[in-house]
Structures are given as C-alpha cells and as structure tokens.
Number of protein chains: 2
Amino acid sequence: MVELQTHPIDTVFHALSDGTRRRMLRELAQGERTVSQLAEPHDMSLAAASKHIKVLEGAGLIRREIHGRTHLCRLEPGPLATAHEWLTFYERFWTNRLDILERLLREEDAQKSARDELQKNPLKSPAPQKSETEPETGEDR
Amino acid sequence: MVELQTHPIDTVFHALSDGTRRRMLRELAQGERTVSQLAEPHDMSLAAASKHIKVLEGAGLIRREIHGRTHLCRLEPGPLATAHEWLTFYERFWTNRLDILERLLREEDAQKSARDELQKNPLKSPAPQKSETEPETGEDR
DNA sequence: TTGTAATTCAACCATGTGGTTGAATATGCG
DNA sequence: CGCATATTCAACCACATGGTTGAATTACAA
C-alpha cells in the first residue's frame with residue numbers, strides 16, 4: 001500500500017516487533033558485538049541476521065563502526081527513549097485503573113469489615129517492581 | 001516464514017508500528033468509540049479500519065463491547081504497560097549516557113572554570129519533561 | 001415487513017517481510 | 001601473492017500486511 005510518509009517511530013516499533021531483533025538488542029545491552037557475534041545464537045543464515053541488523057540500524061536502534069572487515073555494533077538508546085516516552089502518555093490509564101479499582105472496592109465494602117485497613121493502607125499502585133532486572137517479557141532467554 | 005511461537009509482545013509492538021492504529025489508540029484515550037467513529041478520520045474503507053481494529057484487539061490493546069449493531073471499543077492499557085516496562089530495561093542506557101557525558105565534561109574542563117558549578121549542580125538527568133501532555137511523536141495530528 | 005444502518009466476511013491485489021542460497025567484496029594473515 | 005574471514009548483495013520463495021470492492025449478517029426503526 002505504498003505507505004508514503006513513514007513516521008520514524010513506525011520503524012522503531014516495527015524493529016521491536018521481532019523476537020530475534022529484541023534478543024540482539026538485549027545482547028548489545030551487554031556491550032559491543034560484531035555482526036557474526038550477534039548472528040551466532042540465532043538459528044539462521046548470516047545473511048538473514050545481517051538483514052535484521054540492518055532493520056535495527058534503519059530504526060536508529062544501533063550504530064555500526066567498521067573496523068577493517070568486521071563491523072562493531074553498539075546500542076543506540078535514543079529511539080528506545082522515544083518509544084518509552086510515547087508509551088508514557090498512556091501511563092495514566094494503567095495507573096488510573098488501580099485508583100478506580102481501589103475506589104470501587106472501598107465503596108463496595110463500605111459497610112463490610114476490611115474498610116479500615118484499606119483506608120489506612122491505600123495500596124497506592126501495587127508496583128511493577130521489576131525495572132532494574134531483565135523483564136521476562138520478550139523471550140530474552 | 002511460519003513464525004511458530006509468536007510472543008505476545010511481538011503483536012503489541014507490531015500493532016503500535018502503524019500510524020493509523022496509533023491514532024486510533026490516541027482517539028480511544030479520549031473515551032469509548034464505535035468502529036465507525038474510529039474509522040471516520042482515516043481515509044480508508046470501513047473494512048480496512050475494521051481490520052486495524054482487529055489487530056489492536058488481537059494485541060489486547062482494546063476491548064470491544066457489542067451493543068446491538070454497534071461495537072463500542074475501549075482502551076485496554078495492560079499491554080501498553082508491558083511494553084513500557086520492557087523498554088524500561090534500557091532506561092539506564094539513555095540516562096547513563098548523560099552521566100558519561102557529564103563525567104567527560106568534568107574531566108575535560110578539570111582545569112577550566114565551570115567545574116565548581118557542575119559539581120554543585122550535577123544535572124542528574126535533564127528529564128523528559130513531557131509525560132502528561134501528548135507526545136508529538138507518532139504523528140498524532 | 002421493509003428498508004437502512006453498523007459491521008464483518010470473502011476474494012482479490014500489490015507490496016513488504018523473513019528466510020534461503022550462491023556469488024561478490026573487501027580485509028587480514030602466513 | 002594467495003587464501004581464509006567477515007560481511008553484504010542479489011535473486012528467489014512463502015507468507016503476512018494493508019488496502020480494495022461487493023456481498024452477507026444483524027439490529028433498529030418506520
């Protein structure tokens with residue numbers, strides 16, 4: 001359908017929609033890697049891996065530094081920050097939701113027993129509690 | 001390529017990689033919308049819009065409530081939270097970067113004048129500063 | 001009941017995507 | 001130089017994607 005005027009964030013989200021590429025990013029989070037190093041754990045031809053790397057590069061998610069015949073890739077976090085920021089707009093929805101649930105519970109149990117505990121301990125968002133460790137989401141192996 | 005074992009987050013990022021669908025989400029952030037309401041601003045057939053909506057639904061990004069012959073769609077923020085959390089893993093890269101820049105500046109200007117101000121005001125991440133308003137990213141019109 | 005409105009379905013089409021293989025292009029090394 | 005290494009290129013293939021149109025389905029309303 002031709003898709004003239006592709007927004008940059010299109011290519012970022014598209015790049016992230018593939019498990020192989022997400023695994024490559026996760027690998028690059030550990031440090032620089034050559035193309036063959038990135039390709040090695042993936043059961044596919046080097047040419048296929050090379051294409052994936054080019055998709056990541058096209059999205060600005062990695063940069064490549066050519067040293068002789070080897071290409072060193074490094075993570076480029078800018079687009080990830082952009083995507084993160086984009087999603088942040090919707091943050092109020094998954095936090096609001098908890099506030100609403102809390103309010104509903106409080107109203108429903110208005111004459112029940114648990115009211116006092118809830119009011120003293122308002123459970124202000126049960127917390128994702130996993131930002132510094134690797135998220136299991138996105139089959140990171 | 002068959003793609004057996006598609007990870008849920010694949011479909012979320014894929015759904016987000018299309019401007020039309022992102023605009024629909026943005027619309028749904030304002031409140032519930034019917035299929036034709038969602039389709040209206042987009043220059044395409046109703047059937048095409050219906051497909052986009054089904055992609056969003058398949059990614060769990062929206063839920064549909066059928067009222068007679070109209071389908072009411074509402075935003076379902078869970079997968080957005082998941083994607084946001086996934087990206088959070090990389091947050092240290094775009095914040096670290098600032099720390100590194102800061103350190104470099106401090107070393108470079110070790111004998112220059114601006115050192116004292118930098119040390120007293122360590123500019124701990126200049127802050128995205130736009131989480132509550134609409135991000136311009138993703139051509140939100 | 002009859003028509004119209006809301007939505008999906010089905011078939012079709014052009015293009016994109018992710019993979020393959022084999023050849024090409026450099027670069028480093030003995 | 002001559003060979004192996006690292007990577008890309010080009011052609012090809014199967015299937016997905018995003019769009020179209022026209023018919024089908026279902027529900028409301030006169």
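Numbered from 1 within each chain, the chains take letters A, B, ... in sequence-line order. Everything numeric here is computed off the predicted structure, so don't read it as measured data. When reading the values below, keep in mind they use all heavy atoms of this one structure, side chains included, and skip hydrogens, waters and symmetry mates.
Using a 4.0 Å cut-off, some side-chain N or O of A/His71 falls inside it from OP1 or OP2 of D/dT8. Contact annotation: B/Lys51 side-chain N/O to D/dT20 OP1/OP2 distance is not under 4.0 Å. Listed pair A/Ser36 / D/dA6 fails the phosphate criterion, with no side-chain N or O lying under 4.0 Å from OP1 or OP2.
Regarding A/His52, its NE2 atom lies at a distance of 13 Å from the P atom of D/dT8, rounded to whole Å. Atom CG in B/Leu38 sits about 15 Å away from atom C1' in C/dT8, given to the nearest Å. Atom CZ of A/Arg64 and atom C1' of D/dA6 are 11 Å apart (whole Å). What separates CZ of B/Phe13 from C1' of C/dT17 is a distance of 19 Å, to the nearest Å. A/Glu40 has its CD atom 16 Å from the C1' atom of D/dT5, to the nearest Å. A/Leu56 has its CG atom 14 Å from the C1' atom of C/dT17, to the nearest Å. Distance B/Asp10 CG to D/dA16 P: 14 Å, rounded to the nearest Å. One atom, CD1 of B/Ile53, and another, C1' of C/dA6, lie 11 Å apart when rounded to the nearest Å.
With rounding to the nearest 0.5 angstrom, the CG atom of A/Leu75 is 10.5 Å from the CZ atom of A/Arg26.
The side chain of A/Ser50 lies closest to D/dT8 when the candidates are D/dG18, D/dT8, D/dT7. Among the nucleotides C/dG18, D/dT7, D/dG18, the one closest to any side-chain atom of A/Asp18 is C/dG18.
Looking at residues two or more places apart in sequence or on another chain, you find a side-chain contact (heavy atoms from CB on, under 4.5 Å) between B/Ala15 and B/Arg21, B/Val55, B/Leu56, B/Ala59, B/Leu61. Residues meeting the salt bridge (Lys or Arg N to Asp or Glu O under 4.0 Å) test with A/Glu40, sequence neighbours left out: none. With sequence neighbours excluded, no residue satisfies side chain to side chain donor-acceptor pair (under 3.5 Å) with B/Arg69. Looking at residues two or more places apart in sequence or on another chain, you find a side chain to side chain donor-acceptor pair (under 3.5 Å) between A/Glu57 and A/Arg64. Residues satisfying the side chain to side chain donor-acceptor pair (under 3.5 Å) test with B/His84, not counting sequence neighbours, are A/His84, A/Thr88.
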Letter per nucleotide, 5' to 3', of nucleotides 21-30 of chain D [B base touched, S only sugar-phosphate touched, - untouched; heavy atoms, 4.0 Å]:
B-----BS--

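Exactly one residue among A/His52, A/Glu27, A/Arg23 makes a side chain to side chain donor-acceptor pair (under 3.5 Å) with A/His42. That residue is A/Arg23.
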